[in-house]
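Structure, as structure tokens:
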Amino acid sequence: RLQRRVARPSPEAAVRDLLHLHFISDMGFSRATVARKRSHLSPDLARAIGAYFARPQSAHAAPAIDGDPFTDSQEYPARFALGRARLDGARAAVPVRWQDDSRSWVVEVLLLKEGGRWRVDDLNYGRAEGLRVLLTKQRDK
């Protein structure tokens, strides 16, 4: 009798699922695009994004988040590769190497395991500002 092996959820699989969803739809950063990804986000990050969109924005100023925060780019990257997750208890970091015609860069996806499921809790761009920091900036500056 053969036993079926059940794949255990991994941080890499969670990031892969999110990026699949991200690439099959509009990659813009809007209420609608985030709503489609909501089940892949930690509740705390989803609330922070909701608060960002709830703040008033000047029609004449660039938003604090101008482009795609999931790829840290204003253009669609040509390709990406997932790195191996670094685990620390219920937290994980998965590096994603992005590439376009002129450059290569890394966005580290920070995940939190809640209820047996890995969910994105922040994005680290390799500089002082990650996604959560950008979400706290005024949208009209």
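Of all the heavy atoms in Glu75 and Ser73, the pair that sits closest is O-OG, 2.7 Å. Nearest heavy-atom pair, Ala92 versus Trp118, reported as atom, atom and distance to 0.1 Å: CB-CZ3, 3.6 Å.
Pairs passing the side-chain hydrogen bond (donor to acceptor under 3.5 Å, both in side chains) check and including a residue from residues 14-24, sequence neighbours excluded, read His22-Lys37, His22-Asp68.
More than 12 heavy-atom neighbours from other residues, nucleotides or ligands sit within 6.0 angstrom of CG on Asp66. Other residues, nucleotides and ligands place no more than 12 heavy atoms under 6.0 Å from the CZ atom of Arg38.
For Ala78, the side chain to side chain contact (heavy atoms under 4.5 Å, CB included) test picks out no residue, with sequence neighbours left out. For Tyr125, there are no ring-ring contact (aromatic ring centres under 6.0 Å, His included) partners at least two apart in sequence or on another chain. For Arg84, the side-chain hydrogen bond (donor to acceptor under 3.5 Å, both in side chains) criterion is met by no residue, not counting sequence neighbours. The side-chain hydrogen bond (donor to acceptor under 3.5 Å, both in side chains) check on Arg132 picks up Asp44, Asp121, with sequence neighbours excluded. Shown here are the side chain to side chain contact (heavy atoms under 4.5 Å, CB included) partners of Tyr76, two or more places apart in sequence or in another chain: Asp26, Met27.
Although no hydrogens or angles enter the test, the distance criterion places no donor-acceptor pair under 3.5 Å between the side chain of Arg36 and the main chain of Ser25.
Taking the six-membered ring for Trp and thresholds of 30 and 60 degrees, Phe80 and Trp98 have ring planes inclined between 30 and 60 degrees apart.
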